[in-house]
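The block underneath contains the structure these notes are about, expressed in structure tokens.
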Amino acid sequence: MASGDPVDAPAAAAEPMEVEADQCLDLTSCQLHDLSEVEIPPTLEELDLTANRLAAVDPRIGRLPGLRKLSFRQNLLDDAAVAPLSTWADIAGLQELVFRDNKLTTIPDASIFKGLLVFDVSFNEISSLKGLSKVSSTLKELYVSKNEVAKMEELEHFHALQILELGSNRLRVMENLETLANLQELWLGRNRIKTINLCGLKAIKKLSLQSNRLTSMNGLQECIALEELYLSHNGIQKMEGLSTLQNLRVLDVSSNKLTAIEDVETLSRLEDLWLNDNQIPSLDGIESALASSREKLTTIYLERNPCAKAPNYSSTLKTIFPNLEQLDSDMLA
């Protein structure tokens with residue numbers, strides 16, 4: 001995987017289940033404008049309407065008491081079109097609801113779904129998180145990427161939340177995260193955030209703050225469960241606050257203003273290190289800087305640094321890191 005890839009978390013992806021034909025209906029990419037010609041079995045548990053031309057929600061969907069997963073991804077639904085769902089008591093047992101890539105401008109009313117686990121409203125035109133306070137506290141995954149959200153709010157009751165995706169919005173401040181004690185993945189790439197503030201959270205395993213306005217890495221010290229950290233495309237000048245992150249496997253600090261490799265001497269689990277497009281002058285000291293991960297490191301990116309112009313660049317790194325599998329864009333035998 002090339003440096004800088006994982007700015008946004010993957011979309012909600014249900015685990016594959018073996019279900020009978022009358023329990024699962026997949027109408028993906030059928031170019032449907034409505035469902036008038038479609039038979040909808042009353043025993044449906046999963047309905048996938050991804051990539052169609054739907055501008056309204058068929059009322060028959062509201063009469064499926066066993067429905068657990070419903071996806072309207074990549075359609076033409078606006079706020080008025082999805083409003084009826086909040087009144088359909090028969091589908092109150094829904095666990096996964098996807099409106100990704102439609103024409104929504106507000107958070108839909110999902111208060112009727114008391115056991116909701118996954119809620120995806122990414123790739124819409126939503127300007128505020130107001131309305132999330134009505135979403136069930138059972139929620140485990142929330143996706144609101146690629147919208148126009150300017151403030152983190154109405155998140156406090158999501159005590160069970162494990163994944164929060166707010167990448168590609170207009171956020172400037174990390175806030176109101178204190179109560180999300182079970183949060184494991186926080187995706188905030190492509191925003192306008194200047195300072196890292198995890199609000200005391202310690203369970204996070206994956207954190208993305210790529211393409212923001214950071215100038216410092218301070219604020220990570222207590223996030224000791226962290227395994228993957230993505231901070232590329234910022235204005236960070238110094239590697240710091242990393243020595244306590246003993247579980248870190250992936251570190252991406254590419255495309256910053258770094259002049260030295262620091263504060264990673266004790267990270268014995270580090271496998272992937274992306275440092276390309278910085279200002280690191282030479283390879284002197286790199287062996288001691290990465291002493292604990294020498295045997296573990298399999299991927300390192302240092303291209304487009306002054307040090308990458310050294311005559312023995314590749315051979316030096318291969319000697320220092322005996323298990324290296326990828327050096328910059330080159331896969332090693």
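For T298, the side-chain contact (heavy atoms from CB on, under 4.5 Å) partners two or more places apart in sequence, or in a different chain, are E271, D272, E325. When the side-chain contact (heavy atoms from CB on, under 4.5 Å) test is applied to K114, no partner is found at least two apart in sequence or on another chain. In this structure, R269 has no salt bridge (charged side-chain N to carboxylate O under 4.0 Å, His left out) partners at least two apart in sequence or on a different chain. Take A291 and apply the side-chain contact (heavy atoms from CB on, under 4.5 Å) test, not counting sequence neighbours, and it matches no residue. E125 is linked by a salt bridge (charged side-chain N to carboxylate O under 4.0 Å, His left out) to nothing, counting only residues two or more places apart in sequence or in another chain. Among residues two or more places apart in sequence or in another chain, the side-chain contact (heavy atoms from CB on, under 4.5 Å) test is passed with T28 by D26, D48, T50.
Within the structure, the side-chain hydrogen bond (donor to acceptor under 3.5 Å, both in side chains) test picks out the following pairs touching residues 313-324 (sequence neighbours left out): Y313-D328. Identified under the salt bridge (charged side-chain N to carboxylate O under 4.0 Å, His left out) test for residues 142-160, with sequence neighbours left out: K151-E175. Applying the salt bridge (charged side-chain N to carboxylate O under 4.0 Å, His left out) rule to pairs touching residues 231-243 yields K238-E262, sequence neighbours excluded. The stretch residues 192-214 participates, sequence neighbours left out, in no ring-ring contact (aromatic ring centres under 6.0 Å, His included) pair at all. Screening residues 80-105 for ring-ring contact (aromatic ring centres under 6.0 Å, His included), with sequence neighbours left out, gives F72-F99.
For the residue pair C307 and L302, the shortest heavy atom distance occurs at SG-CD2, 4.2 Å. Residues V144 and S122 come closest through the heavy atom pair N-OG, 3.5 Å. Closest non-hydrogen pair, L231 versus L209, comes out as CD2-CB, 3.8 Å. Looking at every heavy atom in both residues, A181 comes nearest to A203 through O-CB, 3.5 Å.
Residues M217 and L242 form a side-chain contact, since some pair of their non-hydrogen atoms from C-beta on lies under 4.5 Å apart. Residues W274 and V253 have side chains not in contact (no heavy-atom distance under 4.5 Å, counting atoms from C-beta outward).
Each of L76 and L97 belongs to its own hydrophobic cluster when Ile, Leu, Val, Met, Phe, Trp and Tyr are linked at side-chain heavy-atom distances under 4.5 angstrom.
Here the side chain of N197 pairs a donor or acceptor atom with the backbone of C199 at under 3.5 angstrom. Checking side-chain atoms of Q246 against main-chain N and O of T244 turns up no donor-acceptor pair under 3.5 Å.
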Could you tabulate the donor-acceptor pairs under 3.5 Å formed by side-chain atoms of residues 32-44, not counting sequence neighbours?
unit_1	atom_1	unit_2	atom_2	d
D34	OD1	S36	N	2.9
D34	OD1	S36	OG	2.5
T43	OG1	D22	O	2.8

Quick one, R294 with E287, criterion salt bridge (Lys or Arg N to Asp or Glu O under 4.0 Å). Give me CA distance, side-chain angles, the key distance, then yes/no.
CA-CA 7 Å; R294 226 181 121 252; E287 186 170 359; 3.6 Å; yes
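The residues R68 and E45 are annotated as not salt-bridged, no charged nitrogen and carboxylate oxygen being separated by less than 4.0 angstrom. Ion pairing between R73 and D101 fails under the 4.0 Å rule for side-chain N and carboxylate O.
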